Amino acid sequence: MRSAVRLILLLLAGSLAAFALARAAPGDPAFLVLLEANQAADPETLAALRARFGLDRPLAAQYVAWLGRVLAGDLGTSIRTGEPVAQELVARLPMSLILAMLGLGLAAAFALGIAPHAAARPGGLADRVVDLLALAGQTVPAFWLGALLLWIAAAGLGLLPALTGPLAARIALPALLVAFAAAGPMAVTSRATLRALLAAPCHTAALARGMPPGAAGLRRVGGRAALAALMPVLGAEAVWAAGGAAVLETLFGLPGVGAYAAEAARGRDWPALQGVLLAALLVAALAQTAAEAVRRRLDPRPGPFSS
Amino acid sequence: MILSSRRTVLALTLVAALPGRLRAQATRPISVGQTFLADSVDPVNGSAGWALQSHGVAEGLFSTDRSGKTIPNLAQSARREGDGSWTVTLLPGLRFSDGSRCDAEVAAASLRRALAENPRARAGLGAAPRIEASDAITLRLWPERPIGALAPLLAEFPLVIHRRREDGSIVFTGPWTIREFRRGDRIALEPNPHFRDGATRPPAVIRRITDANALAIGLESGELDLAFGLAAETLPRLRARPGITIASTPVAYQYMLLLNLRRPALADPRVRTALSLALDRSQLVRAIGGGVPASGLFPAYMPWGLPDALPTDRARAAALLDESGWRLEGGVRRRGGEPLELTLTAYPQRPDFLTLAPVVRAQLEALGVRLRTEVVEAITPAVQAGRFDISFWTTHVAPGGDPAFALEQYARTKAPLNVMGFSDPALDALLERLAAAAESEVRHALAREAALMLNAALPIIPLLTPEWHVGLSARLSGYRPWPSDYHILHAEIR
């Protein structure tokens, strides 16, 4: 019951934040929609467009009307396309989810694979790779790396039709890039968890029982703990991946929610932007909740997002 | 002996397979990459009509040719009657892509639907003109206000002709028809078997690729046959690649400066002329990597465009400022101790303006004008409220192929977008004659005269006609682009 009330309050606050954020950037959606279509922005047409989308009403009235529709399951109509926002989001969500899950899955597998080696040999090759990845993943811009990778793989080497091929070919490079950005923080967390285990009594006892020292032993003793520690990071990275995905979806021409958000932001398409922000809030809350549930199952002790 | 037989078999297999491969190449869909894609297959939604026309799916009763002139399309003529109404005659035997008849009754219903459901369709004809079919190929139209030329209004994209079927799907008359529509991703097209030229053309797939760099890479990798909207900085790289052709075309989105004539300095025509003379338009063209120096409000390639680029004459510009009392003192023009200080406004939705702003500033400051630059997000409210001195601006100056459009929007006294506060009774009188003129040659001559009057008064300083770039694979190397984005896939592609 408390959780439900909390979720409702979160969504109410989120709806207000989405409404305010969408309108925070200056710009007139009616003008931009005409500009995009190369139509003359004469006052009469602008007024007709504003009236059609209720933009001529006071802000409070616009918010109440929008919230009322949201509660009825209607996220409104896009000013740019004239299509229902909810329908658009539902159509695009699978692409974004596949991209995020594939990228984060690859990152998690990499982190869990390299972390025991990095933890077992501080200063070794694996340890340095984790450090380098944590730094590069957060500092190298996704659009630059993406364009470079696309040029090498598609135009230079002709490895795959990354822009026009089947889904697997189109999603491979962006998924690698999502993984590249998320692998560093995940590997750092897993390494820290396993390194802490090195001095723990359970590790000493396992060694005394004949467990081999080094990465193999660490994986056996600390694999579950490392996975549990990874969960909150996975939840947080899922939220960040959504932001990065907007850049990657735009670059690779993938019809996901991120690309839709970028277009909506550019055109000040307020209903679309509000819908995306609200959906992102919901997805983020669900991702954090799911990650915490899995973490609790792996390790029942209170975690960073426990209440 | 065995080796020789194997070679023979291999050679025969290759020879046998070759025609098949060539056939496969010919029937492979044309792969198009461009930054926009129809968001809907219903032309009354947003700007879907424009995108569908650009995709080669939808058509209007009238269209524009490569010179930007209005030409008949589904209609063969539009004639004004004595009572101010219009008679539009359609081509006989027109069919939609599903084979159903496209007659006057269906065309009237299509126009009425667009006007009722899309506010953008009402700009030219008004909200509710009376439209009725007289017979199978004749439409009668009673506009809400007198109209001098109907054809350019019917060429505008919100009025593309369509038929909504009972199952809710919509059919059009263009050379291609939609086989698969994936919003935001791609549209697969197949040839319209009922298109009136009866020609064979390959299927096509249009993909939305919004990143200009990715568009160039798609062309380099051989994934795209046609990449529309290439960025100027990618062109040298693409031109160096064998098998890729770049076709560049000037487009009618004139770049210009609007001057606020309510500012005392800009109210003086000598100052406005000096500002125009101080601009080196060739340098502006180089700054954005392509284009044509402007000759007036309309591009030079249009039948009513002026042929010669506006001149640069810094000595004459300085003399005009001296004459108007703005004398050079310590590097700055002053009159009565007050500096000639102005603000140049740009907006980010047209990135070229952000590139041009420092160049224009440098050229005018060389004359002694102190120029501040600013970037505003919402340019229309700013200029409509008069919050500007000099503002960058662009618009398609003849979307339906009629010169009256831009002149009526910008140049007439109290016109909707005459934000400059310009008024010239002689020009207004000329626009009255233009509104009443029916013959296209007469209209073009009047438009040229109006453009010359504007060049003399300069409430608007035309800068340049921008160029757009299309990248083509060897398969489409003969492709000729339209000077707009209204017809990217067009009937000439076979």
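Since the structure is predicted, the reported quantities are computational estimates derived from the model, not experimental observations. Protein chains get the first letters and strands the later ones, always in sequence-line order, with residue 1 at the start of each.
- Comparing A48(A), G256(A), A154(A), G158(A) by heavy-atom pairs within less than 4.5 Å of chain B, the highest count is held by A154(A).
- At a 4.5 Å heavy-atom cutoff, the contact between R241(B) and chain A is made by side-chain atoms alone.
- Counting only distance, with no hydrogens or angles, the side chain of R207(B) and the backbone of T164(A) share a donor-acceptor pair below 3.5 Å.
- Within a 6.0 Å radius of CH2 in W151(A), no more than 12 heavy atoms belonging to other residues, nucleotides or ligands are found.
- Heavy-atom distances place the side chain of L224(B), and not its backbone, under 4.5 Å from chain A.
- A salt bridge links R170(A) and D185(B); the closest N-O separation between the charged side-chain nitrogens and carboxylate oxygens is under 4.0 Å.
- Among A153(A), A162(A), A259(A), the residue making the largest number of heavy-atom pairs under 4.5 Å with chain B is A162(A).
- A side-chain donor-acceptor contact under 3.5 Å links E223(B) to the backbone of L163(A).
- Of the listed residues (A51(B), G184(B), G222(B)), the one with the most heavy-atom contacts under 4.5 Å to chain A is G184(B).
- Atoms CH2 and CG, from W144(A) and N213(B) in turn, are 12.0 Å apart once rounded to the nearest 0.5 Å.
- If you tally non-hydrogen atom pairs under 4.5 Å between each of G49(B), G218(B), S40(B) and chain A, the highest count goes to S40(B).
- Separation of atoms CG (L251(A)) and CG (D211(B)) is listed at 4.5 Å; rounding is to 0.5 Å.
- Once rounded to the nearest 0.5 Å, the distance linking OG1 of T35(B) with CD of E263(A) reads 10.0 Å.
- For the atom pair CG (L150(A)) and CD (E220(B)), the distance works out to 9.5 Å, reported to the nearest 0.5 Å.
- With a 4.5 angstrom heavy-atom cutoff, S31(B) touches chain A only via side-chain atoms.
- Residue N45(B) holds its CG atom at 9.0 Å from OG1 of T77(A), rounded to the nearest 0.5 Å.
- When each of I209(B), T210(B), V376(B), L215(B) is checked for heavy-atom pairs under 4.5 Å with chain A, T210(B) comes out on top.
- Within the 4.5 angstrom heavy-atom criterion, only backbone atoms of L160(A) (N, CA, C, O) approach chain B.
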